[in-house]
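One structure is given here, and the rest of the page talks about it.
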Amino acid sequence: MTGLLGPAEIRELAARLGVAPTKKLGQNFVHDPNTVRRIVNAAGLTPDDVALEVGPGLGSLTLGLLPVAGHVHAVEIDPVLAGALPETAARYAGADAGRLTVHRADALRIDAAELADPPPTALVANLPYNVAVPVVLHLLAVLPTLRHGLVMVQKEVADRLVAGPGSKVYGIPSVKLAWYAQARGAGRVPPNVFWPVPNVDSGLVAFTCREPPRADVPREEVFAVVDAAFAQRRKTLRAALAGWAGGPDRAAAALTAAGVDPGARGEALTVEQFTAIAASAPVGTRAAK
């Protein structure tokens with residue numbers, strides 16, 4: 001893997017473009033080639049993969065993805081950065097630059113039709129800290145062709161995404177990601193590989209997509225139960241799901257029907273159990289969602 005950007009190249013590009021990283025867009029540019037190599041290797045891409053990168057910035061990770069993926073879709077919300085990326089790829093990636101498609105778009109609004117040629121199979125990205133979880137969940141919802149991925153996020157967020165039932169940081173992001181995929185932590189990334197240097201560590205999260213727990217229970221209905229359960233996570237599920245079910249007694253009945261103790265709390269449940277609760281919703285509840 002050659003033609004990667006180091007600190008000098010990052011500063012030169014930024015100066016030429018008049019770019020200063022902004023907190024509003026969560027921009028922290030990777031300037032360490034070894035970190036890029038580490039991410040690309042951990043992503044496990046093959047020439048059959050179509051990589052989707054969100055927030056490519058100045059192109060550090062993009063240049064690492066182009067030699068190993070069959071195609072790369074780069075989604076960038078900043079018009080200056082989006083406009084400059086094809087030139088950077090041509091300058092540093094040579095013939096591999098022909099496999100790049102840049103989309104000037106908001107990743108939270110993009111859909112499958114915009115990424116259909118060819119459809120992405122792998123999400124590999126250094127995600128802006130401020131929108132990392134919404135972006136991952138949105139893309140998994142709208143891109144059924146995704147098979148796997150590796151994302152770099154704030155370490156605290158990484159811990160939440162991969163947490164299991166019973167963990168203190170297990171919550172809504174943990175359960176919702178588990179609906180789509182099996183996730184695991186893939187390592188820590190120190191702050192000094194970024195410009196500007198963030199005040200927190202980053203973490204890598206790898207995931208492999210899978211079928212949902214039950215095909216007959218819509219995702220929206222399961223997520224409504226998850227949201228209600230963790231909105232009042234200190235309460236028992238009988239109390240926390242009262243608003244969702246139409247009363248505590250109705251919530252208890254649904255929980256019992258699902259094989260879940262009404263006295264349990266949301267942090268103890270698997271995504272399969274949340275799905276069973278949604279499937280056991282009181283009459284009228286599922287139709288109302």
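Sequential numbering from 1 along the given sequence is applied to the chain's residues.
Judged by distance alone, the side chain of Arg104 and the main-chain N or O of Ile77 form a donor-acceptor pair under 3.5 Å. The backbone N or O of Gly171 lies less than 3.5 Å from a partner atom in the side chain of Ser174, making a donor-acceptor pair. Although no hydrogens or angles enter the test, the distance criterion places a donor-acceptor pair under 3.5 Å between the side chain of His138 and the main chain of Ile110. At distances below 3.5 Å, at least one donor-acceptor pair connects side-chain atoms of Glu76 with backbone N or O atoms of Gly57. When atom types are taken as modelled, the side chain of Arg233 and the backbone of Glu267 share no donor-acceptor pair closer than 3.5 angstrom. Formation of a donor-acceptor pair under 3.5 Å by the Asn34 side chain with backbone atoms of Arg37 is not found in this model. Listed for the Tyr170 side chain is a donor-acceptor partner under 3.5 Å among the backbone atoms of Leu269. A donor-acceptor contact shorter than 3.5 Å is absent between the side chain of His31 and the backbone of Gly6. With Asn28 contributing its side chain and Asn126 its backbone, the two residues share no donor-acceptor pair below 3.5 Å.
No more than 12 heavy atoms of other residues, nucleotides or ligands lie within 6.0 Å of CD in Gln182, so this atom counts as exposed by the packing criterion. In this structure, Glu87 places its CD atom where only 12 or fewer heavy-atom neighbours from other residues, nucleotides or ligands lie under 6.0 Å away. No more than 12 heavy atoms of other residues, nucleotides or ligands lie within 6.0 Å of CZ in Arg234, so this atom counts as exposed by the packing criterion.
At least one side-chain heavy atom of Val175 sits less than 4.5 Å from a side-chain heavy atom of Phe230. Side chains of Thr145 and Pro120 form a contact here, defined as non-hydrogen atoms less than 4.5 Å apart. For the pair Arg99 and Val72, the minimum side-chain heavy-atom distance is 4.5 Å or more. The closest side-chain heavy-atom distance from Pro173 to Val157 is not below 4.5 Å. Side-chain atoms of Glu156 and Val200, non-hydrogen and from C-beta on, never get closer than 4.5 Å to each other. When side chains are defined from C-beta on, Val131 does not count as touching Val54, because their heavy atoms never get closer than 4.5 Å. For the pair Pro47/Val68, no side-chain contact is recorded, criterion being any heavy-atom separation below 4.5 Å from C-beta on.
Nearest heavy-atom pair across Leu100 and Ala89 is CD2-CB, 3.7 Å. Nearest heavy-atom pair across Leu177 and Ala183 is CD2-CB, 3.6 Å. Contact detail for Leu146 and Leu123: the closest heavy-atom pair is CD2-N, 3.9 Å. For the pair Ala229 and Ala240, the tightest heavy-atom approach, listed with the atom from each and the gap, is O-CB, 4.0 Å. Between Leu4 and Ser60 the shortest heavy-atom distance is CD2-O, 4.3 Å. Of all heavy-atom pairs between Leu255 and Leu241, the closest is CD2-CD1, 4.0 Å.
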* Asked: Should Leu81 and Phe29 be marked as a side-chain contact (heavy atoms from CB on, under 4.5 Å) after you check the CA-CA gap, both sets of side-chain angles, and the distance that decides it?
  -> CA-CA 12 Å; Leu81 294 176; Phe29 303 136; 4.1 Å; yes
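Screening Thr121, Thr208, Asp49 for a side-chain hydrogen bond (donor to acceptor under 3.5 Å, both in side chains) with His148, the sole residue that qualifies is Asp49.
Partners of Pro86 according to the side-chain contact (heavy atoms from CB on, under 4.5 Å) rule, which considers only residues two or more places apart in sequence or in another chain, are Val102. Taking Asp249 as the reference, Arg238 meet the side chain to side chain donor-acceptor pair (under 3.5 Å) condition, with sequence neighbours excluded. Under the ring-ring contact (aromatic ring centres under 6.0 Å, His included) criterion, His103 pairs with His73, sequence neighbours left out.
To the nearest 0.5 Å, atoms CE (Met152) and OH (Tyr129) are separated by 7.0 Å.
The aromatic rings of Tyr180 and Phe223 sit perpendicular, their planes meeting at an angle over 60°, well past the 30° parallel limit.
With salt bridges taken as basic N to acidic carboxylate O contacts below 4.0 Å, none links Lys168 and Asp159.
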